[in-house]
Amino acid sequence: CTPGLKILVFIPFLFAPSLSPMDSTKRPRIEAAALHGDALEQAVREAVATTPAIDVHTHLFPGQHGDLLLWGIDEVLTYHYLVSELFMVAPADLTHEAFFALPKSGQADLVWKYLFVERSPLSEAQLGVLTCLKKLGLGSFMLSKDLVAIRQWFAEQDPLKHTSKVFELANLKYVIMTNIPFDEKEAACWVKPDAKIELASSSFAESDKIFVQSFCATRFRTALRIDPLLKGDWGTISACLEARGLPETLDGAKAFLRAWAKVYQPEYMMASTPADFAYGEADAPRQPGWPSATKLIDEVMVPVAEELGLPLALKLGAKRGMNPALNPCGGGDGVMISDVGPLEELCRRCPRVKFLATFLSRVNQHEVCVLAQKFRNLHIYGCWWYLNNPSMIDEITKMRVEMLGTAFTAQHSDARVLDQLVYKWDHSRRVIAEVLVKQYSLLDSRGWPVTEADVKRDVGRLLGGSYEEFMAKGVDLTPPPPPVLQAQGQARPRVGRSFCQNFARFCAPGADGCGCC
């Protein structure tokens, strides 16, 4: 040091970090707020019952869309669940042709007679009717089995006011419709039949041919349904392109989707996949000269989805037209085990697209839970259609909670008749509450503090909050990974094959199988 030079040395005062993971002053407050035993169970049941839900997929329409809105006792009784159950017990001389030739009220009379008067209404669909009537305050008419009085009560209701009452009873925040631009009747609620689309702007050419919507957009939200693309149905697509003045090309198809997205302002694009849905090398055009479904997905759907930031919601596992005699009521469709491979491949190839998925077969549920763990651009939701029964909801919800925590949407109604919202959400909430009571009791038994706020937060996620979080989050901007190269002699993965084909190859001789047989 230089003589005479004074040096000031600053030594910081260091605080030793606390070894406790939690401030000791906070721990008593959390422990005091923690719920146990009966109090915890009551908090869970109350949260599930009172939390407004988001119904992420329905086939409902607002009253402003006229007769597209299905509601009332005759629509409830002639829904395909009940019509199918009717034909299991009806006399053989009641043919499908004779039944569907009757007016809707006549069909409802027969369903009421054979399923509610001549036998106890024990099935889930039958119990659902009773729940609707009770919740709507029609218990006295139900007690006397007076269908005429029930029908008269519905006839006296205003559709818009009745819609508000149903939403209140079901305790819904909003529902998401299914809007099909390929359907002339539905499209006519949004644009005039002769409205054309400009290719350059991907917009409807004349704004005065687009109808101003007056329904409550915070209660009814839209979804753009694009089934023909995933079916590879170029015949339907090209006919719609021609009708809207667009070239019958892939560029025309993209303009068609963009234009309708501007009209609908949809939450997502969606499709129910065909029974033989394939994606990748196993796919082939439906007819010579048509683009394959894979080509339509890769060159139309995915570019538009990325450009507009629209997720794709897939519904997999329906076998269409299993019994065509029931098709007039929409009841001819069945269920099949789906190949999950196409969804896996889509999630892998398209990391910049978010996918929502629900499967119809019970068999697929575990596999798709694992898939949801592996791909952050996949969100699974609901117990669809034939799975919307208490025993299935219980089993599937329990498995999902065990594997996914709260990172899924527990239920959607798939309702086509407005009044179905009442029973589908009432029954689902009861089952979901039972599952969560047991799961929270496990937390309590491990000594983890659970507060009322914790329960409300978690339930909110399961009833729609996780869906909104998934929709709001960003996507992976990194390019998709290259295809995985298989080692010589190793079986090559098959995408888009049927369940039986996938199973059979493991016991087939040669490079594609184990050769054990």
Side-chain angles (χ1 to χ4, degrees), residues 52-76 78-79 104-105 132 135-136 151-197 203-227 240 243-244 256-270 310 313 330 412-425 464:
I54 297 169
D55 201 333
V56 300
H57 170 68
T58 74
H59 297 270
L60 300 175
F61 295 92
Q64 290 85 347
H65 284 191
D67 61 4
L68 288 179
L69 170 64
L70 303 180
W71 67 286
I73 189 61
D74 289 339
E75 294 293 350
V76 170
T78 56
Y79 190 62
K104 190 65 65 90
S105 60
C132 288
K135 292 281 187 180
L136 288 168
R151 186 176 284 138
Q152 180 60 35
W153 182 89
F154 275 101
E156 294 170 355
Q157 306 309 304
D158 174 82
L160 297 183
K161 292 181 180 178
H162 186 64
T163 297
S164 296
K165 183 171 186 176
V166 167
F167 267 70
E168 180 181 345
L169 290 173
N171 194 12
L172 295 178
K173 186 177 178 182
Y174 59 84
V175 304
I176 299 177
M177 301 183 282
T178 299
N179 307 101
I180 310 174
F182 301 96
D183 184 288
E184 291 183 5
K185 184 176 180 180
E186 289 191 24
C189 292
W190 297 86
V191 300
K192 292 183 179 179
D194 61 343
K196 304 298 182 185
I197 296 173
S203 303
F204 279 91
E206 301 166 273
S207 59
D208 63 338
K209 291 189 176 181
I210 301 174
F211 298 130
V212 176
Q213 299 297 318
S214 59
F215 65 84
C216 179
T218 58
R219 176 174 283 175
F220 287 93
R221 301 195 183 183
T222 55
L224 172 55
R225 186 156 185 168
I226 57 170
D227 286 32
C240 290
R244 298 299 177 190
F256 182 85
L257 294 185
R258 292 189 191 105
W260 277 105
K262 291 174 183 176
V263 170
Y264 288 148
Q265 295 296 304
E267 290 268 308
Y268 50 70
M269 293 190 288
M270 67 158 297
L310 287 176
H412 72 284
S413 73
D414 195 40
R416 291 180 181 270
V417 181
L418 175 67
D419 307 279
Q420 291 175 333
L421 291 175
V422 176
Y423 93 80
K424 290 196 174 193
W425 278 103

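Residue numbers count from 1 along this sequence. All values derive from a computational prediction rather than experimental measurement.
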Once rounded to the nearest 0.5 Å, what's the spacing between atom [atom1] of [X] and atom [atom2] of [Y]?
X	Y	atom1	atom2	result
Asp74	Lys104	CG	NZ	8.0 Å
Asp227	Met270	CG	CE	6.5 Å
Glu186	Thr178	CD	OG1	8.0 Å
Leu68	Leu60	CG	CG	11.5 Å
Leu69	Thr163	CG	OG1	5.5 Å
Leu136	Phe154	CG	CZ	5.0 Å

Phe215/His65 under side chain to side chain contact (heavy atoms under 4.5 Å, CB included): CA gap, chis, key distance, verdict: CA-CA 9 Å; Phe215 65 84; His65 284 191; 4.0 Å; yes
Derivation and outcome, side chain to side chain contact (heavy atoms under 4.5 Å, CB included), residues Asp67 and Lys185: CA-CA 10 Å; Asp67 61 4; Lys185 184 176 180 180; 3.5 Å; yes
Donor-acceptor side-chain pairing of Trp260 and Asn179 below 3.5 angstrom: no
Ring geometry between [Y] and [X] (parallel below 30°, tilted from 30 to 60°, perpendicular above 60°):
X	Y	value
Phe182	Phe256	tilted
His57	His59	perpendicular
Trp71	His162	tilted

Whether over 12 other heavy atoms sit under 6.0 Å from Glu184 CD: no
Whether Gln420 side chain and Val417 backbone form a donor-acceptor pair below 3.5 Å: yes
Arg244 side-chain N/O to Ala195 backbone N/O, donor-acceptor pair under 3.5 Å: yes
Step-by-step side chain to side chain contact (heavy atoms under 4.5 Å, CB included) determination, Val191 to Lys209: CA-CA 6 Å; Val191 300; Lys209 291 189 176 181; 5.7 Å; no
Those residues that, when tested against Lys196, pass salt bridge (Lys or Arg N to Asp or Glu O under 4.0 Å) (two or more places apart): none
Pair Trp153-Ile73, side chain to side chain contact (heavy atoms under 4.5 Å, CB included): steps then yes or no: CA-CA 9 Å; Trp153 182 89; Ile73 189 61; over 6 Å; no
